Amino acid sequence: MSWDSFKQHYHPYPELGLALDLSRLALPEDFLTAHEEAMQAAFKAMNELEAGAIANPDEGRMVGHYWLRDAALAPDAETRAAITDTLAQIKSFTADVHAGTIAGPHGAFTQLLVIGIGGSALGPQFVHHALGQPAADKMTVHFFDNTDPDGMDYTIAQIGDKLAETLAVVISKSGGTAETRNGMLEASVAFRAAGLDPARHLVAVTGTDSKLDKVAVAENWLARFPMWDWVGGRTSELCVVGLLPAALQGIDIDGMLAGAAAMDAQTRIGVTAENPAALLALAWHHATAGRGAKDMVVLPYKDRLLLFSRYLQQLIMESLGKELDLAGNVVNQGIAVYGNKGSTDQHAYVQQLREGVNNFFVTFIEVLKDRSGDSIEVNKGVTSGDYLQGFLLGTRDALSEKDRTSVTLTVNDVSPRTIGMLIALYERVVGFYASLIGINAYHQPGVEAGKKAAGGVIALKNDIQTVLADAPGKGYTAEDLAAEVDGDAELTFKILEHLAANGSLRKEAKEPWFESLYGA
Ligand SMILES: O=P(O)(O)OC[C@H]1O[C@](O)(CO)[C@@H](O)[C@@H]1O
């Protein structure tokens, strides 16, 4: 790549400790001017959103995640007080837990079990891994982020004989998410099996009066923290959702908030060339032809940022993956996001990136600081960190040679401030990009279909078991049973196989396979 092009498209923000390099995107000369009108409209929409507009018209909600790091910007005194009071509540609860004033039956809580899914887990998981200090963390953190029984058993086994020292934080904005409810029930059973009262271990983070909130009140849980309808799940890392687990772990949450606030200030500037979020949004637009024509491969060269791509996957795909635009036209928008970390991925799928189908652009993330201590030399005068940078720069060149485009984001370190900055940066890029392509980034109508269908499967399973229980000893084929319960034959077959594998019914295998008999 030419030095001139680099000089033109390298954007350093020294006061933030961040730089953006767009020189490997093959940008046209009119990159900034071509979309300036649309970008100005995006700035205007963002200003209105930050001022309290109903930016999520479908759900009639304000979108206020930017107020979380500067409460003074919230549109009314009540919201301002909610933000500052809740931050104070997080800090005093955390101080009490660390001091042992709030404790388990046999002493201080040393283990933290976070139960949540999607936006109520991905941010906490990302931050836990990015900023953890295994030798110094105040608590050891575990997650239930699914309704997989074996996955939960695995986590409970990791906690081992420390259940009495375990604080369980159940996070659900809606308070009605099935996976999270199941996790809470499974954790409660584990507490009881160890002779413990679950209510003395459980904390709720949820909307006031949600189902979860009502359970927490009825059972007199240790504490309840609020979630607000003006914070979306995928932008909730810097409210209680992310701040409470991080603070309990011992992470500097003020540093995270300060980093986010600094990035917000920089990305509020209405001059495209000075605004890294605007530049990135335009970069995405160029790289994906404004319609998701290419996937985004996120490649951080830093183990601690491993979960960033998973976090971004929800933020970007749940926000931008929409059937309709704001005018109601079918557009099927979105950008597919995947990635793990470099240089590890070089030994996995980078082969295809360089030589296979050219359907992606890469976001390289470079971290300048190698580690907190000194490094050994792995060759004369060369450290492991030199290799890590070498692989990043080498892979970038190898891809550029083959016309594979990339963006590079450079940060100084992986600190609370930097993590806060990255979260804030991408939240705003998503907002700007949604404006550029004319879609609503703040709702998620598409996720309901699967949840409804899952409910239908559970109802069908109950009907099947009722029929089988009423005729003990009788064998049914899947097809006969489907006719009996007026259900779909394929779904009935899948449910029967699952029940048989778990010893909940008898299966007599026959040939061909669909003549197999199932019975109670
Ligand atoms: O916090 P909740 O309400 O349990 O929701 C968890 C996740 O589920 C979703 O609603 C999608 O189903 C996400 O948007 C959200 O982050």
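All values reported here derive from a predicted model rather than from experimental measurement. Counting starts at 1 for both ligands and their atoms, in listed order.
The shortest N or O to N or O distance between Gln444 and ligand 1 is not under 3.5 Å. Between Glu318 and ligand 1, an N or O atom pair is found at a separation short of 3.5 Å. Note: an N/O pair closer than 3.5 Å links Gly119 and ligand 1 by distance alone. Checked against a 3.5 angstrom limit, the closest N/O atoms of Thr180 and ligand 1 fall outside it.
For Gln314, the heavy-atom gap to ligand 1 drops under 4.0 angstrom. Within the 4.0 Å heavy-atom shell around ligand 1 one does not find Glu448.
Residue Gln314 is tested with Arg310, Glu318, Met317 for a side-chain contact (heavy atoms from CB on, under 4.5 Å); the sole match is Glu318.
Taking all heavy atoms of Ile117, Asp145, Val447 into account, the minimum distance to atom 6 (C) of ligand 1 is reached by Ile117.
Which parts of ligand 1 touch Ser172 is read off a 4.0 Å heavy-atom cut-off, strictly below it: atoms 1 (O), 2 (P), 3 (O), 4 (O). Using a 4.0 Å cut-off to heavy atoms of Thr177, the atoms of ligand 1 that qualify are 2 (P), 3 (O), 4 (O), 5 (O).
In this structure, the protein non-hydrogen atom closest to atom 8 (O) of ligand 1 is Lys451 NZ, 4.3 Å.
Rounding to the nearest 0.5 Å places NE2 of His201 at 11.5 Å from CG of Leu113.
Between Asn275 and Leu279, the closest side-chain pair of non-hydrogen atoms is not below 4.5 Å. Between Val203 and Leu167 the shortest side-chain heavy-atom distance falls below 4.5 Å.
Screening residues 54-82 for ring-ring contact (aromatic ring centres under 6.0 Å, His included) gives Trp67-Trp230 as the qualifying pairs, with residues at least two apart or on separate chains.
Using a cutoff of 4.0 Å between basic side-chain nitrogens and carboxylate oxygens, Glu237 and Arg69 are not scored as salt-bridged.
By the ring pair (Phe, Tyr, Trp, His ring centres under 6.0 Å) test, Phe126 is found to be paired with Phe308, Tyr311, residues two or more places apart in sequence or in another chain being considered.
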